[in-house]
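Here is the structure we will look at, set down as structure tokens.
Everything quoted here is computed from the prediction, not taken from an experiment. Here is the naming used below: chain letters follow the sequence lines, and residue numbers restart at 1 for every chain.
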Amino acid sequence: MSNHDTYSSHYDFKQVETKWQQKWELSSAYQVGEDTDKEKYYVLEMFPYPSGRIHMGHVRNYSIGDVVARYKRMRGFNVLHPMGWDAFGLPAENAAQKHNTHPAKWTYENIDYMRAQLKQLGLSYDWQREFATCDPDYYRWEQKIFIEMYQRGLVYQRVTTVNWCENCQTVLANEQVIDGACWRCDDQVEPRNMNGWFFKITDYTDELLNDLQSLNGWPEKVVTMQNNWIGKSTGLTCDFKIDGSEEAISIFTTRPDTIFGVTFMSLAPEHPLLATLTEGTGKEKEVAGFIDDILREKQRQSVQEEPEKRGMFTGRYCINPFNGDKIPIYVANFVLMEYGTGAVMAVPAHDQRDFEFARAYDLTIKPVVIPEGETFDPEFMHEASTVPGKLIDSGQFSELDSIDAQGKIIDFAREQGFGAPLTTYRLRDWGISRQRYWGAPIPMIHCDNCGVVPVPFEQLPVLLPEDITTSTDECRPLHQRPDFVNTICPACRKEARRETDTMDTFVESSWYFARFACPDSDETPLERDRSDYWLPVDQYIGGVEHAILHLLYSRFFTKVLRDLGYLSIAEPFTNLLTQGMVIKDGAKMSKSKGNVVDPDQLISQYGADTVRLFSLFAAPPERDLEWNVQGVEGASRFLNRVYRLVREFYGSNVDGTAYSSSDDTALLRKLHQTIKKVTYDIEDDFHFNTAISAVMELFNTMSSSLGSAAGKGASTETVSETIRNLLLLLYPMVPHFSSELWEMMDFPETPEEQLWPIHDDEKAREELLTIVLQVNGKVRSRIEVSADSQDQVLQDLAMADEKVNRFIEGKTVKKVIVVKKKLVNIVV
RNA sequence: GCGAGAGUGGCGGAAUUGGUAGACGCGCUGGUCUUAGGAACCAGUAUCAUCGAUGUGUGGGUUCGAGUCCCUCCUCUCGCACCA
């Protein structure tokens, strides 16, 4: 019985995929260690939250990553490709309440299920390195890093107005508030004053900003988003003395050149000077009422709508230090306390918001920057002018160009002592306190004698109490656990209380990629030599929805870990691929829309390789992928066609059959062209869709070559060679399938032990080319010529062409353009 | 409003530098085999028409030649959004 007979007549993906997955599992095929003989390559996909089961977005993300991993291995790299679980978070608590279980139990059960799902997809992870962020062995190191950050002054506590989500019963960071709503549950966020822990990410603002320039392997879009988020602006801060008082109002402006055009002052309703300012004006009550009013309005409205500009005169004036002008002070609803100084010098002639306000309250508009060839009459202006020009009415700065004037005005303010250059940022410190149970405890102790004291390293981890029962309306679960809260102060040995806040789960995901270098290390969070070998991540892959939150925090942590001596790198991810969403019927998959596709069901119906192939084929990775069942069937059909052809070829035993040598070279040529194209598509941009279509073309060519009668078609040898290479090209995308057919063909070893094929330019070269013949730029005919034809020959052939002649007859040929290997264009 | 990106057959999408528009796949049409086919295989498939003409959101421009470059406008997606 020949080997061939043991293979079924149709491709049995279930049996084949199980077989290879078992082999990989038993041989720990993708386990790696540091190997200084080989160049390392670290490919990482954003690890999932263990919500219960994987979704199609994961399937796509991890399929892309797996192709990269398998491809790079074939290129001789020592590839690190790990997987883990972003396992802390609120859904576990909610689910635990709902199903009357424990968050840990729920989480670890989900992980078990999802791990099995990932294994069914045949993803080539080094499972030895797997961890979940809720493992005490992980978060103990996070607690250590926290304390070291605290000791370095990068952690502090303060009371602030925080974003409170009533639904989640917790605080959110600025980055986690989207359009005034919670990023997770979409509930409206409300302000609340609370004590909380902060990471001093603003210490790293400049570095986070400047290093963006080095991220050439990131999509420009993501870099821009981070740039905007950090929001650097430079300008002047300047004091306006309050008339009849020793106090002054500090303003910040990016347009110091317009400072002679200031006609009033606007304060944010929360501005601290307001209370004293109105004293004795007789307007105290009126102003206070107005402030209450706009603060309440601000809370109510969604961030979407921009309210009408409203304000009220405070009854006081201040003095413009540049020209001594006495200008009225207003409270205004559009001034933000969070930005700059909470006070704005209003220049209605050159700022649209100030302009609208001035029109509404009939305030003076004074133009001071006049663009070339224009004049402004304040009475007839219908919008502010924000373009540069020449200064007027600006004291000694009049006649200057407005751009040049900016620096001179700042210098003057500094010399006179009432102002200074200032750079402001939009980025705030990162509030990491969460009033929840299922998170890493913040390892701090509050002592009445000693104040805040870090938990000593040897006492780490501060474990979450396990026997917790979370009930629906329970807030701050740890707070209500005396056995957790009550402790001894490490400094004075007196009774003290543990911190009961847990850390934002984004803290875990900010350094997990580094821990993958040494997940088993029980001495230290990161071993320097191992992280130096593996980091940075060469290719990071995930959804664009993390463009700010996770990626910014990870960059921050990388720099902190470097400064703590754990890492040598400044940036964590050299190359970033942000893959598009998986959509169906033009919309994002969601339960409410009822268009969710279940990966389990797909895999059992079509097999992992088909699902992988389709998700790689249907669109390039950075674009949204429209899920289409018929497309999946197309992918399945393709694999079956290849299977049948290979099986028949192997069984036909056609050695010695006569063949056509021209067909033989043609197939070989196509093969080498395909190797070239597939390699280029993967290397250049991970454009697997076009790579797959090239392999399909190769298969079609081979298939028609094989079907020919004796004396035609390619030789057995060439077909075998083509199959061999085709399986190698396909291997990273459909590894089970390729491995199986490889074995069927009796090729030595397995595809993954082979090197990626290299094309031969000589063999890929076309002998005959189709040259397009144009008349006046329109295609009129085509001719076949040998590839080395000279220009003159081409031109002669073109002029002699019958179809061409129909179009040039009776006309004068003005010009002939010959483009090598492409076309001849005759202009008449 | 500001910023970025994108508009190509019935559909998903191709088209390295300006040089054959629609690769590859889906769908559809016809055929072969078949008791049957929603399997497989073969042929066809941008549109309109007889030569031929027209076609990459709109209108213009540059060029021998434009999906690709420039300008105008329209639409969509994403991000930011009273940031002084």
Would you say A:Asn628 places a side-chain N or O within less than 4.0 Å of OP1 or OP2 belonging to B:G25?
no
Give a yes/no on whether any side-chain N or O of A:Arg782 is located under 4.0 angstrom from OP1 or OP2 of B:G19.
no
A:Val816 near the nucleic acid: base, sugar-phosphate alone, or nothing, with a heavy-atom cut-off under 4.0 Å?
nothing
For B:A6 and A:Arg623 - does any side-chain N or O of the residue sit under 4.0 Å from the phosphate oxygens OP1/OP2?
no
Ignoring hydrogens and angles, tell me if any N or O in the side chain of A:Asp325 forms a donor-acceptor pair with the backbone of A:Ile327 under 3.5 Å.
no
Touch check for A:Asp684, heavy atoms < 4.0 angstrom, all strands: base, sugar-phosphate only, or nothing?
nothing
Just checking, is any N or O donor in the side chain of A:Gln673 or A:Glu766 under 3.5 Å from an acceptor N or O on the other one?
yes
If you only use heavy atoms from C-beta on, which nucleotide in B:C80, B:C64, B:A15 is closest to the side chain of A:Val827?
B:C64
Can you tell me, in whole Å, how much space there is between the P of B:A6 and that of B:G25?
27 Å
Name the stems that RNA chain B belongs to, where each is three or more consecutive Watson-Crick or G-U pairs with both distances under 3.5 Å?
B:1-7 with B:74-80, B:10-12 with B:24-26, B:27-32 with B:40-45, B:46-48 with B:52-54, B:59-61 with B:69-71
Identify which nucleotide among B:C64, B:G13, B:C26 has an atom closest to any side-chain atom of A:Ala619, counting heavy atoms from C-beta outward.
B:G13
Measuring to OP1 and OP2 of B:G18, would you say a side-chain N or O of A:Lys822 lies under 4.0 angstrom away?
no
Please report the distance separating the C1' of B:G9 from the corresponding atom of B:G57, rounded so that it comes out in whole Å.
15 Å
Consider the side chain of A:Ser693, meaning its heavy atoms from C-beta on, and name the nucleotide among B:U20, B:C64, B:C24 that approaches it most closely.
B:C24
Between A:Lys803 and A:Asp801, is there a side-chain N and carboxylate O pair less than 4.0 Å apart?
no
Rounded P spacing from B:G3 to B:C71 in Å:
14 Å
C1'-based separation of B:A49 from B:G60 [nearest Å]:
29 Å
Under 4.0 angstrom, heavy atoms only, what part of the nucleic acid is A:Glu220 near: base, sugar-phosphate, or nothing?
nothing
Nearest to the A:Thr770 side chain among B:A84, B:U20, B:G13, which nucleotide is it?
B:U20
Reckon A:Gly231 touches a base, only the sugar-phosphate, or nothing at all at heavy-atom distances under 4.0 Å?
nothing
Would you indicate, yes or no, if B:A84 has its OP1 or OP2 atom less than 4.0 angstrom from a side-chain nitrogen or oxygen of A:Ser233?
yes
When you measure from the side chain of A:Arg353, which nucleotide among B:A53, B:C82, B:C64 comes out closest?
B:C82
B:G9: syn or anti, with syn meaning chi within 90° of zero?
syn
Checking the side chain of A:Asn805 only, and the main-chain atoms of A:Ala798 only, is there a donor and an acceptor separated by less than 3.5 Å?
no
Return the value, rounded to whole Å, for the distance between atom CG of A:Leu823 and atom P of B:C64.
14 Å
When the P atoms of B:U29 and B:G22 are considered, how many whole Å apart are they?
24 Å
Does a distance-only test, which skips hydrogens and angles, find a donor-acceptor pair under 3.5 Å between the side chain of A:Lys309 and the base of B:C82?
yes
Pairwise C1' distance for B:A46 and B:U8, with rounding to whole Å:
10 Å
If the cut-off is 4.0 Å, is A:Arg806 near the phosphate of B:G52, judged by side-chain N/O to OP1 or OP2?
yes
Starting at atom CG of A:Asp685, determine the distance to atom P of B:A14, rounded to an integer number of angstrom.
11 Å
In whole angstroms, the gap separating P of B:A84 from CD of A:Glu356 amounts to 16 Å
Which nucleotide wins on minimum distance to the side chain of A:Val335, given the candidates B:A14, B:A84, B:A81?
B:A84
Check ion pair A:Arg765-A:Asp761 (N to O, under 4.0 angstrom):
no
On RNA chain B, compare the nucleotides closest to A:Thr253 and A:Val544; which residue's is nearer the 5' end?
A:Val544
Ignoring hydrogens and angles, state whether a donor on the side chain of A:Tyr330 or A:Thr314 is under 3.5 Å from an acceptor on the partner side chain.
no
B:U72 versus B:A4 - spacing of their P atoms, nearest Å
14 Å
Taking B:G52 as the reference, what is the distance to B:C70 when you measure between their P atoms (whole Å, please)?
36 Å
Walk me through it: do A:Val632 and A:Asn628 pass the test side chain to side chain contact (heavy atoms under 4.5 Å, CB included)?
CA-CA 7 Å; A:Val632 179; A:Asn628 172 303; over 6 Å; no
Around atom CD of A:Gln213, are there more than 12 heavy atoms from other residues, nucleotides or ligands closer than 6.0 Å?
no
Against the side chain of A:Thr254, the closest entry in B:A84, B:G79, B:G19 is B:A84
Counting distance alone, no hydrogens or angles: does the base of B:C80 have a donor or acceptor under 3.5 Å from a partner atom on the side chain of A:Asn228?
no
Is the distance between the ring centroids of A:Phe688 and A:Phe617 less than 6.0 Å?
no
Rounded to the nearest Å, what distance is computed from the CG atom of residue A:Asn700 to the P atom of nucleotide B:A43?
10 Å
Side chain of A:Met696 (C-beta onward), nearest among B:C80, B:G25, B:G52
B:G25
Is the number of heavy atoms from other residues, nucleotides or ligands within 6.0 Å of CD (A:Glu338) greater than 12?
yes
Distance in angstrom units between A:Leu769 CG and B:U20 P, rounded:
13 Å
Length of the line joining A:Lys221:NZ and B:C78:C1', which is rounded to integer Å
4 Å
Of the listed nucleotides (B:G79, B:G13, B:C83), which one gets closest to any side-chain atom of A:Met225?
B:G79
Within the supplied structure, the quantity of interest is the number of heavy atoms (other residues, nucleotides, ligands) at a distance under 6.0 Å from A:Glu802 CD; does it exceed 12?
no
With distance as the sole test, does A:Asn333 use its side chain to make a donor-acceptor pair with the main-chain N or O of A:Arg310 at under 3.5 Å?
yes
note: A:Tyr680, atom OH; B:U17, atom P; distance rounded to Å ~ 7 Å
B:A14 phosphate, OP1 or OP2: any side-chain N/O from A:Asn689 under 4.0 angstrom?
yes
Could you tell me whether A:Lys778 contacts a base, only the sugar-phosphate backbone, or nothing, with contacts defined as non-hydrogen atoms closer than 4.0 Å?
sugar-phosphate
Across the strands shown, which category fits A:Val772 at heavy-atom distances under 4.0 angstrom: base, sugar-phosphate, nothing?
base
Taking the side chain of A:Pro620 as its heavy atoms from C-beta onward, which of B:C24, B:G13, B:C64 lies nearest to it?
B:G13
Show each protein N/O and nucleotides 35-42 of chain B N/O combination with a separation under 3.5 Å, one pair to a line.
{"residue": "B:A40", "atom": "O3'", "partner": "A:Arg644", "partner atom": "NH2", "Å": "2.9"}
{"residue": "B:C41", "atom": "OP1", "partner": "A:Arg644", "partner atom": "NH2", "Å": "3.4"}

Rounded to whole angstrom units, what separation is found between the CG atom of A:Asn776 and the P atom of B:A53?
12 Å
Is it true that a side-chain atom of A:Gln579 and a backbone atom of A:Glu622 form a donor plus acceptor pair closer than 3.5 Å?
no
Say whether, by atom type as modelled, one donor and one acceptor occur between the side chain of A:Arg60 and the main chain of A:Pro621 under 3.5 angstrom.
yes
